[in-house]
Amino acid sequence: MTELHSEAENIENLSQIIMDAFNTNNISEGEVLRYEDLYPILQDKYPKYKDVQKEAEQHLAKLAYVNPAPDGLMLTQIGYRSLTER
């Protein structure tokens, strides 16, 4: 994937990739997408993800789509609804 030009665009793009990873892994609300399952997807689709990963996770948390979990990201009811309404 081509890097976008602004940090905000990069954060938004990575946020979308993370949400797509929930779909790819069939994660339902209240379930955790483990980092060990997420990182290969990020590496494949956005090799420089580490540059904006923290900001993308914070962005998704502010939208109430995810909550941090010890070993990954937990999909919230709002996040799940967002995925199913696409």
Side-chain angles (χ1 to χ4, degrees):
M1 171 161 284
T2 305
E3 255 189 276
L4 301 175
H5 296 289
S6 78
E7 185 170 341
E9 289 175 325
N10 287 328
I11 291 168
E12 185 61 39
N13 184 49
L14 187 59
S15 297
Q16 186 59 53
I17 292 169
I18 292 170
M19 292 303 289
D20 290 344
F22 281 104
N23 254 350
T24 301
N25 286 282
N26 296 315
I27 304 294
S28 295
E29 67 180 86
E31 294 180 344
V32 173
L33 175 58
R34 298 177 310 161
Y35 286 123
E36 64 185 56
D37 297 325
L38 177 60
Y39 288 154
I41 295 168
L42 298 183
Q43 183 64 42
D44 181 52
K45 295 188 180 211
Y46 195 84
K48 294 190 175 189
Y49 70 91
K50 292 179 183 178
D51 294 343
V52 292
Q53 177 188 353
K54 182 178 178 183
E55 292 87 350
E57 289 180 12
Q58 289 173 344
H59 173 68
L60 292 172
K62 285 180 185 176
L63 293 172
Y65 287 0
V66 303
N67 286 323
D71 60 344
L73 298 171
M74 183 184 75
L75 186 63
T76 66
Q77 182 179 21
I78 293 169
Y80 183 74
R81 194 174 317 133
S82 169
L83 290 175
T84 58
E85 291 176 354
R86 289 183 183 185

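One is the number of the first residue; the rest follow in order along the sequence.
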Self-check item: Single-linkage hydrophobic cluster, 4.5 Å side-chain cutoff, I18 and V32 together
Solution: no
Quiz prompt | From CA spacing to verdict: salt bridge (Lys or Arg N to Asp or Glu O under 4.0 Å), R34, D37 | solution = CA-CA 5 Å; R34 298 177 310 161; D37 297 325; 3.3 Å; yes
Quiz item: Can you check whether Y65 and Y80 have ring centres sitting under 6.0 Å from each other?
Solution: no
If I take atom [atom1] from residue [X] and atom [atom2] from residue [Y], how far apart are they, to the nearest 0.5 angstrom?
{"X": "L38", "Y": "F22", "atom1": "CG", "atom2": "CZ", "answer": "7.5 Å"}
{"X": "E7", "Y": "E55", "atom1": "CD", "atom2": "CD", "answer": "5.5 Å"}
{"X": "N10", "Y": "N13", "atom1": "CG", "atom2": "CG", "answer": "7.0 Å"}

Exercise. Decide yes or no on side-chain contact (heavy atoms from CB on, under 4.5 Å) for I11 and S15, but give the supporting numbers first.
Key: CA-CA 6 Å; I11 291 168; S15 297; 4.2 Å; yes
Self-check item: Donor-acceptor pair, side chain of N25 and main chain of A21, under 3.5 angstrom
Solution: yes
Self-check item: Side-chain donor or acceptor of T24 paired with backbone N/O of D20 under 3.5 Å
Solution: yes
Quiz item: Taking everything shown except Q43 itself, do over 12 heavy atoms lie less than 6.0 Å from its CD?
Solution: yes
Quiz item: Can you tell me if E57 and Q53 form a side-chain donor-acceptor pair at under 3.5 Å?
Solution: yes
Exercise. Please name the residue in the list L14, L63, L60 that meets the side chain to side chain contact (heavy atoms under 4.5 Å, CB included) test with M19.
Key: L60
Self-check item: L73 vs N67, side-chain contact (heavy atoms from CB on, under 4.5 Å): CA-CA, chis, key distance, verdict
Solution: CA-CA 6 Å; L73 298 171; N67 286 323; over 6 Å; no
Self-check item: Steps toward side-chain contact (heavy atoms from CB on, under 4.5 Å) verdict (I27, L83)
Solution: CA-CA 10 Å; I27 304 294; L83 290 175; over 6 Å; no
Quiz prompt | Atom of K45, atom of P47 and distance for their closest heavy-atom approach | solution = C-CD, 3.9 Å
Quiz prompt | Closest contact, heavy atoms only, A69 versus M74 | solution = CB-N, 4.4 Å
